[in-house]
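One structure is given below, encoded as structure tokens.
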Amino acid sequence: MSLPAFAPQPTSSSMTASRYNARDAESRWQKVWNEQGVFATKNDDPRPKYYVLEMFPYPSGRIHMGHVRNYTMGDVVARYKRAMGFNVLHPMGWDAFGMPAENAAMANKIHPKTWTYDNIATMKKQLQSMGLSLDWAREIATCDPAYYKHQQKMFLDFLRAGLVERKKSKVNWDPVDQTVLANEQVIDGRGWRSGAVVEQRELTQWFFKISDYSEDLLNAIDTLDRWPDKVRTMQRNWIGRSEGLLVRFALDPETTPNREDELEIFTTRPDTLFGAKFMALSPDHPLAAAAAAKNPKLAEFIAETRRLGTAQAEIDTAEKKGFDTGMRAVHPFDPNWTLPVYVANFILMDYGTGAIFGCPAHDQRDLDFVNKYGLGNLPVVCPEGQDPKTFVITDTAYDGPGRMINSRFLDGLTIEQAKEEVAKRLERQTRGNRPVAQRQVNYRLRDWGISRQRYWGCPIPVIHCEACGVVPVPDKDLPVTLPEDIDFDKPGNPLDRHPTWKHVTCPQCGGAARRETDTMDTFVDSSWYFARFTDPWIADRPTDRKMVDAWLPVDQYIGGIEHAILHLLYSRFFARAMKKTGHAGLEEPFAGLFTQGMVIHETYHKQDGTFVTPAEVKIETVGNTRKATLIGTGEPVVIGGVEKMSKSKRNTVDPDDIIGTYGADVARWFMLSDSPPERDIEWTEEGVQARWTFMQKLWRIVGEMAEIARNAPVERPAQFSERAQAVRKATHGALSKVSEDIEKLRFNRCVAHIYEYSNTLSAAIGETDDANAGAPDFAWAMKEAADILVQLFAPMMPHLAEECWAALGHTTLVAVQPWPKVEAGLLVEDSITLPVQVNGRKRADLTVRRDASQADIEAAVLTLDGVKRALEGKAPKKVIVVPQRIVNVVA
RNA sequence: GCCCCUGUGGCGGAAUUGGUAGACGCGCCUGACUCAAAAUCAGGUGUAGCAAUACGUGCUGGUUCGAGUCCGGCCAGGGGCACCA
């Protein structure tokens, strides 16, 4: 990055000498904070606690602007709450396991551990250069055996508590990398790293039984009132509750492989039972398999559906196909009415019972199906105002409200009444001593598959024994550590290929046995790190119950919206599982959640389409148009769209460059200004310069105020002149507004208030001449103003604040100062100016005493010139006075 | 397809939650300082008009003394979920 002319220059002049030198000051103050240990948090501090946490980073190499934004916001909250008298916990750690480390190992022949710890060292240094008020003594890395041994312990406790199970399931399998991939790692049907077409495989995997908590996780969303609605909605949808009826259909014994077979289905629309035209089974349904055993053509059909791709894109476009099994299901309300049973490729085995009844008139998918196979449809719900005799369905199913038709005893009922009636009747009806139907609530949420065929993850602490089956590793043998002598020459799981690691003796029978070589999904690591921070030193158990219960929940959690479901849902499950196994005492880990927006930047590309970085581009503004050229060659560059910073678009800005040139405070101030924190923020060079200019302005006016403040008496004067009082009103007004907006995380408004306040002070300084500068009351007001100004921006630009604080003659650190108190009396004006409207249009202002009576105001308003003119001599119909707000005259 | 969010100057955005639309910042224009430039400082900047004034918060209709804000119907952009029975 080129050094702008106004950035701190090594050449000195009389002007630059009075400038604030961020580079020098920042490292100096960071050293002081560090030496005095001002951000170390004690666990036995009696003050009320406040836990502020930002989502910990993956050590990918270097920090990016997204981190700068995220951690700046958290730091403002931490510093503010500290000043408010809370014992603040503000820790940092590393989400250090994961695939990129292995990819780097394969590409560069570097050990994943080396790569990870190198990155941690680099990024830690970068974070420290930001001046974050973190308690580094609590730093943890999830790849440290001292961390993951506790995770293994909890896995075993969960296993004993019935929260973990091993089961066969369909998974995404990457045939090149030879590993299971999470759904989000499959892009357009291909492995995100290898590019290989992903296959569907049935594998035995470890699962956390998150679905045991479906109902609880859903209901408790209502209690998360300090979470964004958007995230709460997303989680509700993800859990996906639906109420319905499980119905057992009898099968015509003459048509079934086994005469006693029956078919159970799940439906949310039992009201439409009389519109049924067919039944459909998942290709994976046991009944389908039984029928296929006797029907080679059906077996071929099922095999074909399995061959079909499993990628989302293919599923979306796949044709709905069915195969008539020849079986007939008996309608539960009519023994003489039978329905054909199909195997259909669109029925999922793991939702409901893997089987449905199809009512084509009121379900689009079922309608498409019958239209293809010529099964017809019968409408049973008629919309209001439609004649049932003429109501027909052809291509579009009707799923709106209405009354039942063509449905025997249900005719005339509403949908809700019909659902209830069907449920009641079928619950009473029995076959084989069991009711034909029962009410059921179904969830979309699936159990969490945590097995990964990867090296760089937390080993799953179990042993497979021929004789004893799955045997947990005894607690005393934890941790199961990763072997370090590992090679990545071949694709697949290096743990599985390791010559010795997996060969162990069975803890139960002492015979030869095999270690589990799968490791845990890295989302497990991040599901409880916030609990570990409360006492990261405790060695013999995952958490200290006293500490974890004292600190949790996290009062303010800040991170990206991309974790709205995965990490945030997993952590909510983990808290419940930890409670059940005695490792923590509460269910909701994050009381307050804030999801911040992305950092975006213009893109630049050459004529041939190749992207160039902002650092390589020079921008000139001529009038209202901006022109970009390549630095050095002068080659013209096209200014493209404003997009998320990414390596592929090359529109990234390195935080180190900004911090090195302008200082961390400028980067922090930028991140807090202008854009509301939940929205995307556009990083621009002009913006950086503007923040730098303002930083210098603050330094200058604090210096000028320090001059005036030298005449301030120690004692607060009893009386203040009008000029002094005006300054004090501005001071306490700004204090009140900034405090309120920090509480609400509206940092952009805080910044605006500070600008406004500094403009007011700047004007006050300008109006000060030698004659009145010496007035003790004014000097005292200016001293108060300067102190509070510095304290107001201290959470945001902490280094500049310390420098200013010292310049004001303080010998303490502003970082440990208590937050100033608002003098409420100064916020109330004696006289107020009300806007006066005539018919909702502003015509005049009226200045009155604050406690003026309604009648006085009404009378005064009618004497105003602007009002008289607008009334044109007519008498007003009505005068509306909204106290302290506005007056409206209705003509 | 279903669900959710957002539309305000050239730009980012503010508006005490129904009460002066455009705070604050960027950019731009003018001036001061300077041989000059940068930096800095002062002033201006929604549109039309010399002005009074009129118009103006995606479009459209409504409620209200009063609507950016509430309600109905559209349009546009963004996000989430999606063979979920």
Integer angstrom distance from the [atom1] of [N] to that of [M]:
N     : M     : atom1 : value
B:G22 : B:G12 : C1'   : 13 Å
B:A54 : B:G58 : C1'   : 22 Å
B:C41 : B:G46 : C1'   : 27 Å
B:A37 : B:A48 : P     : 30 Å
B:C24 : B:C75 : P     : 39 Å
B:U47 : B:G9  : P     : 12 Å
B:U45 : B:C11 : C1'   : 14 Å
B:C5  : B:C71 : P     : 11 Å

Regarding [X], tell me which of base, sugar-phosphate or nothing describes its non-hydrogen contacts under 4.0 Å with the strands shown.
X      : result
A:N759 : sugar-phosphate
A:D229 : nothing
A:F266 : base

> Are any of the side-chain heavy atoms of A:M73 and A:L745 separated by less than 4.5 Å?
Replying inline: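 A:M73 vs A:L745: side chains apart.
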>> Quick check: do A:I393 and A:P360 have side-chain heavy atoms less than 4.5 Å from each other?
In response: no
> Any idea if B:G9 is syn or anti, going by the 90°-from-0 cut?
Replying inline: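 Syn, angle within 90° of zero.
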> Would you call B:U64 syn or anti, using the 90° rule around 0?
Replying inline: anti
>> Using the ring-ring contact (aromatic ring centres under 6.0 Å, His included) criterion, which residues pair with A:F278? Sequence neighbours excluded.
In response: A:F369
>> Run the ring-ring contact (aromatic ring centres under 6.0 Å, His included) test against A:F357 and tell me which residues pass, sequence neighbours left out.
In response: none
Can you name the side-chain contact (heavy atoms from CB on, under 4.5 Å) partners of [X], sequence neighbours left out?
X      : answer
A:A355 : A:L263, A:I265, A:L281, A:H285, A:T353
A:R365 : A:K320, A:F346, A:I356, A:D363
A:P270 : A:L245, A:T267, A:K419, A:V422
A:R746 : A:E740, A:D741, A:K744, A:N748, A:R749

> What do the steps show when you test A:L445 against A:L569 for side chain to side chain contact (heavy atoms under 4.5 Å, CB included), and what is the final call?
Replying inline: CA-CA 11 Å; A:L445 182 66; A:L569 190 60; 3.9 Å; yes
Among [options], the one nearest [X] by side-chain distance:
X      : options             : value
A:I886 : B:A14, B:G19, B:C84 : B:G19
A:R700 : B:C41, B:A14, B:A85 : B:C41
A:R19  : B:A39, B:A85, B:C26 : B:A39
A:R885 : B:U17, B:U40, B:A85 : B:U17
A:S675 : B:C81, B:G12, B:A85 : B:G12
A:K842 : B:U20, B:C84, B:U40 : B:U20

Sequence neighbours excluded and cut-off under 3.5 Å, please list the side-chain donor-acceptor pairs for residues 666-677 of chain A, or say none.
| residue | atom | partner | partner atom | Å |
| --- | --- | --- | --- | --- |
| A:R668 | NE | A:M796 | O | 2.9 |
| A:R668 | NH1 | A:D75 | OD2 | 3.0 |
| A:R668 | NH1 | A:M130 | O | 3.0 |
| A:R668 | NH1 | A:G131 | O | 3.3 |
| A:R668 | NH2 | A:D75 | OD2 | 2.7 |
| A:R668 | NH2 | A:P795 | O | 3.0 |
| A:S673 | OG | A:W669 | O | 2.5 |
| A:D674 | OD2 | A:R691 | NH2 | 3.4 |
| A:S675 | OG | A:D680 | O | 3.4 |

Phosphate-side-chain proximity, [X] and [N], N/O vs OP1/OP2 below 4.0 Å:
X      : N     : value
A:N748 : B:A14 : yes
A:R236 : B:G80 : no
A:R691 : B:C26 : no
A:Y351 : B:A85 : yes

> Where along residues 352-363 of chain A does a heavy atom fall under 4.0 Å from RNA chain B?
Replying inline: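 Residues of residues 352-363 of chain A under 4.0 Å from RNA chain B: A:I356.
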Between protein and nucleic acid, restricted to nucleotides 65-70 of chain B and to nitrogen or oxygen atoms under 3.5 Å apart, what atom pairs and distances do you find?
| residue | atom | partner | partner atom | Å |
| --- | --- | --- | --- | --- |
| B:C65 | O2' | A:N888 | ND2 | 3.3 |
| B:C65 | O2 | A:N888 | ND2 | 2.5 |

Nearest-angstrom distance from the residue atom [atom1] of [X] to [atom2] of [N]:
X      : N     : atom1 : atom2 : result
A:R446 : B:C81 : CZ    : C1'   : 13 Å
A:R746 : B:G13 : CZ    : C1'   : 14 Å
A:E743 : B:U16 : CD    : P     : 19 Å

> More 5' along RNA chain B: A:A690 or A:S673, using each one's nearest nucleotide?
Replying inline: A:S673
> Between A:I347 and A:E756, which has a closest nucleotide on RNA chain B that is more 5'?
Replying inline: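 Its nucleotide being nearer the 5' end, the pick is A:E756.
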Report each atom pair, protein N/O against N/O of nucleotides 51-58 of chain B, whose distance is under 3.5 angstrom.
none

> Should the pair A:Y351 and A:F266 be assigned to parallel (<30°), tilted (30 to 60°) or perpendicular (>60°) ring geometry?
Replying inline: perpendicular
Specify the closest pair of heavy atoms between [X] and [Y], including all atoms of both residues, with the distance to one decimal.
X      : Y      : answer
A:L826 : A:K729 : O-CG, 3.4 Å
A:I239 : A:S214 : CG2-O, 3.7 Å
A:V599 : A:M65  : CG2-O, 3.6 Å
A:I415 : A:P401 : CD1-CA, 3.9 Å

Under 3.5 Å, which protein N or O atoms sit close to an N or O of nucleotides 1-8 of chain B? Give each pair with its distance.
none

> Can A:N839 and A:K877 be counted as having a side-chain donor-acceptor contact under 3.5 angstrom?
Replying inline: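 There is no such pair (donor and acceptor under 3.5 Å, judged by atom type) between the side chains of A:N839 and A:K877.
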> With distance as the sole criterion, is a donor-acceptor pair present between the side chains of A:T603 and A:N651 under 3.5 Å?
Replying inline: no
> What dot-bracket string describes RNA chain B from 5' to 3', counting Watson-Crick and G-U wobble pairs whose defining distances are under 3.5 Å, with [ ] for crossing pairs and | for pairs to another strand?
Replying inline: (((((((..(((......[....)))((((((.......))))))(((....)))..(((((..]....))))))))))))....
> A:V688 and A:W683: side chain to side chain contact (heavy atoms under 4.5 Å, CB included), yes or no, with the steps?
Replying inline: CA-CA 8 Å; A:V688 177; A:W683 188 270; 3.5 Å; yes
> Does a salt bridge link A:R236 with A:D222, judged by any charged N lying under 4.0 Å from a carboxylate O?
Replying inline: yes
